[in-house]
Amino acid sequence: MPKTEKPSEKDNHEPKKLPIYKHKDKLVQAVKENSFLIVTGETGSGKTTQLPQYLYKAGLCRNGRIGVTQPRRVAAITVAQRVCQEMGVQLGEEVGYQVRFDDCSTKDTMIKYMTDGCMLREILADPGLSQYSIVILDEAHERSLNTDVLLGLLKKRLSKASRGHQAPLKVVVMSATLETEKLSSFYGNCPVFTIPGRTYPVKEKFCNLIGPKDKESSVYVKEVVKVTLDVHSSEAAGDILVFLTGQAEIEKACDMLFEKAETLNYRYDVHDRTVEGLLILPLYGSMPTDQQRQIFQPSPKGVRKCVVATNIAATSLTIDGIRYIVDSGFVKQLNHNSRVGLDILEVVPISKSEAQQRTGRAGRTAAGKCFRIYNKDFWDTCMPNYTIPEIQRTSLTSVILTLKCLGVHDVIRFPYLDCPEERFILTALKQLYQFDAIDRRGHVTPLGRLMVEFPLPPNLTRALLKAAALECEDIVLPVAAMLSVENIFIRPGKPEGQKEAEARHSEIAAFAGGSNDFLMLLCVFEKCRASDNPSAWCKEHWIHWRAVKSAFSVESQLRDILLRLKQRKDFPHEKFEGSKSELLRQCLCLGYFTNVARRSVGKSFCTMDGHGSSILIHPSSCLFGQELQLDWIIFHDVLVTSRVYVRTVCPIRYEWVMDLLPKLHEIDVYELSSVAREEVTDEEMVHWEKKEAAKRQAEAREDAARKLEKRNDESSITEARARYLERKQHRRRT
DNA sequence: GAGCACTGC
């Protein structure tokens, strides 16, 4: 018997050899006996592929299918494929999957893998999830925004009314061995079922090269490079995975690895990027897919592979053969700052659980080592125990609208596993009110019901619905699609490419009229679609073809949704005559009046949202350099780096937003805080202005107005305020 | 005159 032989990949995944197999009967029993169950088990336990099969074979889905959610598309697809193979069935029949743009399931699908976002959409269409008997939320420890919303929604196991005569839904939450007690107590101290994992030990080492004060990119990149070369020269065979924060940093680190290696008298070859047996490969999301694929090719004999990656390698991509991790301790994270009303992308220390996750990437096929460049002091003082869940650090506008549409009116006391700050919820409500998606009482308006159907942020949805009402959706659909996919324009890291790319981009800008970034996106979309060879056209113009291609799919999806909604009798219609670009701008104004700014001193602008932040036009905008000729603008997003920049900008006329601006100050968070709690009765509505809240509200409002006036003592602002006061008076009278 | 992590509907 060849006992010494390493088990092959196939044997490794043999269902009966997985750790979960021994617990099969007990698991099935636990699901039968409990409405809620937490299952924990680390990577390799087999829970994702096996548990649904056990439940299916035990006849637990006679009255409805089993839905298994995943935070990522690829995971949903590949797991479904694997389970099909194991069961010997055709994909899309008994076992299937559903992700955006790709539904591989039928009415008879009994085990359905899907993204958490798809599950949320299904709940919107069928609040009782009547086709399901069991819902399994997988990877709950990742705490994705959608999973968190689902966790809360399923806590009530969906109201009896919405399930009709059906048996209540069973809920299984699967998570890595973190925070399982918290999950259990969230679901009324439900049982926790633990399955041992099957990973190899990874030795952790603090290299003590940076401490709490070293947060400069240049500092930690240098140390990361040093450690990586040390590992290469002193450790046994096995590939290295290095974690850094972004494209620029990764390219820099790769360059430094070559240079340093050279001074160490390594032979090195620029063309195949190898240095004395070290193959250096960058890896980040915006890299072309074929280049990404190189990462997975096994390195030639005697050559060590070194992948320098962003967090994409922490969960999304798994590279076999990694035995060493070099961890910088940092990550780039998008945080919503409700105090200034901005989303800020910033480099922050990772959490201890994230460090653990990175470490685990080295122990998938053999024992490994993890080198942390920071010291224990950094670990203790800078790194939080857990990553703040997404729901506590993103803008909640879409989430709140979804909840409201599902009949969750009290969005503050909704059962969140971790409550978002009240302020975040209130600003979301305020935004929804400004977009006419909810009324003063916090109830969803007919428009809000239309808005929730779109997989877009509310501002874009608002613009799109306005366009549809004006029968000019053809120009807004592509813009909305282009704005909701990854970055369209290629901006190379090296100076030579930069000039060429810039020249090509300004050609397009000129063609689009040279003074509107939104129109420029429309132009790229249309030109590319009209081209015989779109991918070549993109390459020639330094445009990401992958992004435009997905914009094409998004556009047609949005178009389908719009067509469906237009059948509704209450779909709004309006009339407007004007040029194409004027029409576009008018629609955009309705979606972006919360992002209006007016030029103040020199090239800077001042936002009108009440925060009165000072902003600049980003150099990548086609309006950069034309600031002095501009007065009012709207913008799509904000980038905070050395200064506060806005990108994707459109000049507007004051008249277009004049009637909308007062809406920004008409209602404030104090008013909404009671609305949010549904504490306001009809009577209270009448008296409530006399209350303390009203006083604070008035003060806050006047304060905001004072600040606004101080910054813009132009007649137009005073005019806007006068109109607002007039309306308010009017409202009081009626 | 600067530079965008990663997901998802």
Side-chain angles (χ1 to χ4, degrees), chain A residues 69-76 98-103 114-125 139 142-150 217 243-252 283-287 309-317 328 330-335 343-348 350 354 357 387 390 393-394 398-399 401-402 452-457 460-461 481 484-495 497-498 501-502 544 547 550 553-554 557-558 561 603 616-621 624-625 627 637-648:
Chain A
T69 70
Q70 294 290 325
R72 280 171 298 281
R73 292 166 57 94
V74 263
Q98 188 185 348
V99 297
R100 191 186 191 183
F101 305 125
D102 191 2
D103 183 359
M114 59 213 291
T115 50
D116 47 15
C118 273
M119 177 62 88
L120 206 51
R121 288 278 142 190
E122 275 203 30
I123 294 186
L124 268 169
E139 312 283 5
E142 286 190 27
R143 306 295 308 276
S144 80
L145 182 60
N146 288 332
T147 297
D148 263 23
V149 173
L150 288 170
S217 171
F243 281 105
L244 281 170
T245 72
Q247 173 177 352
E249 211 171 87
I250 285 168
E251 297 288 0
K252 194 179 157 205
L283 174 66
Y284 43 85
S286 61
M287 229 164 69
T310 59
N311 238 20
I312 195 170
T315 48
S316 306
L317 297 178
S328 65
F330 289 97
V331 70
K332 220 172 250 182
Q333 200 174 64
L334 186 71
N335 294 322
D343 287 335
I344 301 175
L345 188 68
E346 52 192 340
V347 173
V348 295
I350 57 170
E354 217 170 341
Q357 164 82 29
T387 307
E390 207 182 345
R393 53 182 172 83
T394 40
S398 291
V399 169
L401 181 61
T402 308
V452 81
E453 299 287 329
F454 291 90
L456 289 175
L460 275 175
T461 317
S484 59
V485 298
E486 53 184 321
N487 186 23
I488 294 288
F489 300 101
I490 299 174
R491 296 191 216 289
K494 305 266 186 281
Q498 263 172 24
E502 260 176 48
H544 276 121
S550 51
S553 333
V554 174
Q557 188 195 23
L558 297 176
I561 296 171
K603 291 181 175 180
L616 290 167
I617 292 181
H618 192 270
S620 67
S621 163
F624 179 81
E627 291 89 346
D637 63 347
V638 185
L639 175 66
V640 182
T641 51
S642 52
R643 304 167 113 169
V644 183
Y645 289 104
V646 291
R647 295 175 306 177
T648 320

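Sequence lines set the chain letters: A, B, ... in the order given, protein chains first and strands last, and positions in each chain run from 1.
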Select base, sugar-phosphate, or nothing to describe what [X] touches, counting heavy atoms under 4.0 Å on all strands.
| X | result |
| --- | --- |
| E502(A) | base |
| N487(A) | base |
| V99(A) | sugar-phosphate |
| R643(A) | nothing |
| I312(A) | sugar-phosphate |
| T245(A) | sugar-phosphate |

Self-check item: Partner residues of E486(A) under the salt bridge (Lys or Arg N to Asp or Glu O under 4.0 Å) criterion, sequence neighbours left out
Solution: R546(A)
So which nucleotide from [options] ends up closest to the side chain of [X]?
| X | options | value |
| --- | --- | --- |
| S316(A) | dA5(B), dG1(B), dC6(B) | dC6(B) |
| K603(A) | dG1(B), dC9(B), dC6(B) | dG1(B) |
| T310(A) | dG1(B), dC9(B), dA5(B) | dA5(B) |

Self-check item: D116(A)-S144(A) side chain donor-acceptor pair, cut-off 3.5 Å
Solution: yes
Exercise. Return the 5'-most residue of the pair L456(A), V331(A) with respect to DNA chain B, ranking by each residue's nearest nucleotide.
Key: V331(A)
Self-check item: First encountered from the 5' end of DNA chain B, between R100(A) and Y284(A)
Solution: Y284(A)
Rounded to whole Å, please give me the gap between [atom1] in [X] and [atom2] in [N].
| X | N | atom1 | atom2 | answer |
| --- | --- | --- | --- | --- |
| E249(A) | dA2(B) | CD | P | 19 Å |
| F330(A) | dC6(B) | CZ | P | 18 Å |
| L345(A) | dC6(B) | CG | P | 10 Å |
| I350(A) | dA5(B) | CD1 | P | 17 Å |
| L244(A) | dA5(B) | CG | P | 11 Å |
| N335(A) | dT7(B) | CG | C1' | 15 Å |
| L616(A) | dA2(B) | CG | P | 10 Å |
| Y645(A) | dG1(B) | OH | P | 9 Å |

Practice problem: State whether S144(A) places a side-chain N or O below 4.0 Å from either non-bridging phosphate oxygen (OP1 or OP2) of dG8(B). | Solution: no
Quiz item: Does OP1 or OP2 of dC9(B) have a side-chain N or O of T115(A) closer than 4.0 Å?
Solution: yes
Exercise. Indicate yes or no: does E249(A) engage K332(A) in a salt bridge with an N to O separation below 4.0 Å.
Key: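 No salt bridge links E249(A) with K332(A).
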Exercise. Measure across I617(A) and Y645(A) and return the closest heavy-atom pair with its distance rounded to 0.1 Å.
Key: O-CD2, 3.8 Å
Self-check item: Closest non-hydrogen atom pair between V149(A) and L120(A), with its separation
Solution: CG1-CD1, 3.8 Å
Practice problem: State which residues pass side chain to side chain donor-acceptor pair (under 3.5 Å) with N146(A); sequence neighbours excluded, sorted by chain then number. | Solution: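 Checked N146(A) against side chain to side chain donor-acceptor pair (under 3.5 Å); zero matches.
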